[in-house]
Structures are given as C-alpha cells and as structure tokens.
Amino acid sequence: MNMSNNGSAILGKRKVMIVDDHPIVRRGLANMIATQADLEVCGEAADVADTMQKLDSIRPDVVVIDLSLKTGHGIELIEQIKSRNEQIKMLVSSMHDETLFAERALRAGAMGYITKQEPIENLLDAIRQVLRGEIYLSARMTGRLLRHVQGGRAVDED
C-alpha cells in the first residue's frame with residue numbers, strides 16, 4: 001500500500017488534538033470535527049501530563065485547549081507546548097470570560113481564544129483561522145484590545 005504513516009497527508013486533513021477535562025465535551029468536539037472534510041481528530045487528553053505524553057507521538061497541527069483541566073491549567077499547558085514545539089498551533093476554548101483570559105493565553109503562545117458559548121461553526125472557523133497562522137478572537141475582544149493599544153493601556157487596567 002502506498003500510504004503515509006498517518007494517512008492524513010494523502011487526504012490533506014489537518015490534525016486536531018482536543019484537551020478538555022470533560023469526556024462529553026471531548027466527544028462532542030470530536031464528532032463535529034469528524035464531519036469536516038479538512039480536519040480530523042488525532043488525539044484527546046484530559047490534563048497537562050496526558051497531553052505532554054501524547055504530543056510527540058500524535059503530532060497535531062493544532063491543539064484545542066480548555067483552561068480548566070483535571071490537573072494543571074491551560075495557560076501552563078500552552079507554555080509547555082510552545083517550549084517543546086513552536087510549530088504546533090493552539091486555540092483556547094473555554095467557559096471563562098475572554099476579557100479575563102484571552103490576553104494571557106495569547107501571551108503564553110496560543111493563537112486564539114473562543115468561549116464555549118459560541119456556536120460550533122465559530123469554533124470550526126477559529127480552528128481553520130489558527131491553522132492558517134492567523135489570530136482568532138471575537139469581534140468584541142478584538143475591539144477591546146485595539147482600544148487599549150490605541151490608548152496605551154494594558155487590557156487589565158479596566
């Protein structure tokens with residue numbers, strides 16, 4: 001057979017790893033991603049240690065990370081992934097308010113932040129945008145950051 005090691009290169013699918021401490025959330029995201037012609041889930045993890053153990057063997061293109069994990073914190077995980085492999089792109093998907101955590105996630109090395117209240121189509125768009133090397137933030141958060149940059153204040157000064 002003339003197949004690549006993972007089969008995904010031939011199909012042109014980009015590999016997504018899901019990191020969330022809730023199995024139902026991981027399964028729901030995996031099921032939605034499985035319906036997409038250009039994306040596939042290559043692995044799942046519930047915490048920092050599990051993610052770091054699997055990272056090298058599954059080699060994701062993008063990791064979708066929740067901030068609240070079984071053990072550890074998503075910001076810590078972002079920093080660890082970034083220090084191990086700068087090529088892996090990361091997107092935070094969290095229930096936490098983006099005004100409190102988006103800037104921290106970006107500073108740690110994530111390329112986007114989306115809240116779990118957003119429609120699934122927005123998450124799929126965010127994954128694709130991050131895979132293209134672009135930053136993803138909600139229009140509200142983008143406006144907020146730009147206003148603060150224009151005014152010369154840090155976002156946390158509100």
For this session: Please confirm whether the backbone N or O of E40 pairs with a side-chain atom of K15, one donor and one acceptor, at under 3.5 Å?
Result: no

Problem set entry | Given K70, R26, K116, the one that forms salt bridge (Lys or Arg N to Asp or Glu O under 4.0 Å) with D20 | K116

For this session: Walk me through it: do T51 and L69 pass the test side chain to side chain contact (heavy atoms under 4.5 Å, CB included)?
Result: CA-CA 11 Å; T51 303; L69 301 172; 5.9 Å; no

Problem set entry | Minimum side-chain heavy-atom gap M111-E134 below 4.5 Å | no

Seminar exercise, completed: Note: H96 and S68 closest approach over all heavy atoms is NE2-OG, 2.7 Å

For this session: Is it possible for you to say whether I120 and M95 belong to one hydrophobic cluster, with membership spreading through side-chain heavy-atom contacts below 4.5 Å?
Result: no

Exercise. Who pairs with R84 by side-chain contact (heavy atoms from CB on, under 4.5 Å), at least two apart in sequence or on another chain?
Worked result: M52, L55, D56

Exercise. Salt-bridged, K82 to E86, with N to O below 4.0 Å?
Worked result: no

Exercise. Side-chain contact, heavy-atom cut-off 4.5 Å: I78 with I65?
Worked result: yes

For this session: List the atom of V130, the atom of M90, and the distance in Å for their closest heavy-atom pair.
Result: CG1-O, 4.0 Å

Exercise. Which heavy-atom pair separates V92 from A105 by the least distance, and what is that distance?
Worked result: CG2-CB, 3.8 Å

Exercise. If you measure from the Lys or Arg side-chain nitrogens to the Asp or Glu carboxylate oxygens, is any gap between R27 and E44 under 4.0 Å?
Worked result: yes

Exercise. Looking only at heavy atoms, which two atoms of A126 and I114 are closest? And how far apart?
Worked result: CB-CD1, 4.3 Å

Exercise. Is there a side-chain contact between I58 and M17 (heavy atoms, below 4.5 Å)?
Worked result: yes

Exercise. Just wondering, do L106 and L137 contact through their side chains at under 4.5 Å, heavy atoms?
Worked result: yes

Problem set entry | Closest non-hydrogen atom pair between I75 and A108, with its separation | CG2-CB, 4.0 Å

Exercise. Do you see a donor-acceptor pair shorter than 3.5 Å between the side chains of D97 and T99?
Worked result: yes

For this session: Report the C-alpha separation of F101 and Y113 in whole Å, then their side-chain angles, then the decisive distance to 0.1 Å, and conclude whether the side chain to side chain contact (heavy atoms under 4.5 Å, CB included) test is met.
Result: CA-CA 8 Å; F101 289 99; Y113 194 103; 3.5 Å; yes

For this session: Indicate the atoms forming the closest heavy-atom contact of S138 with E98, along with that distance.
Result: OG-OE2, 2.7 Å

Exercise. Do other residues, nucleotides or ligands put more than 12 heavy atoms under 6.0 Å from the CD atom of Q87?
Worked result: no

For this session: May I ask you to test the D47-D21 pair for a side-chain heavy-atom distance under 4.5 Å?
Result: no

Exercise. Is the shortest heavy-atom distance from the side chain of R147 to the side chain of R144 under 4.5 Å?
Worked result: yes

Exercise. Any side-chain heavy atom of R128 within less than 4.5 Å of one from D125?
Worked result: yes

For this session: Could you walk me through whether L123 and L29 pass side chain to side chain contact (heavy atoms under 4.5 Å, CB included), step by step?
Result: CA-CA 9 Å; L123 176 64; L29 289 176; 3.1 Å; yes

For this session: Kindly indicate, with the supporting measurements, whether the criterion side chain to side chain contact (heavy atoms under 4.5 Å, CB included) is fulfilled by V64 and I127.
Result: CA-CA 8 Å; V64 178; I127 290 170; 4.0 Å; yes

Exercise. Do I81 and N85 have side-chain heavy atoms sitting under 4.5 Å apart?
Worked result: no

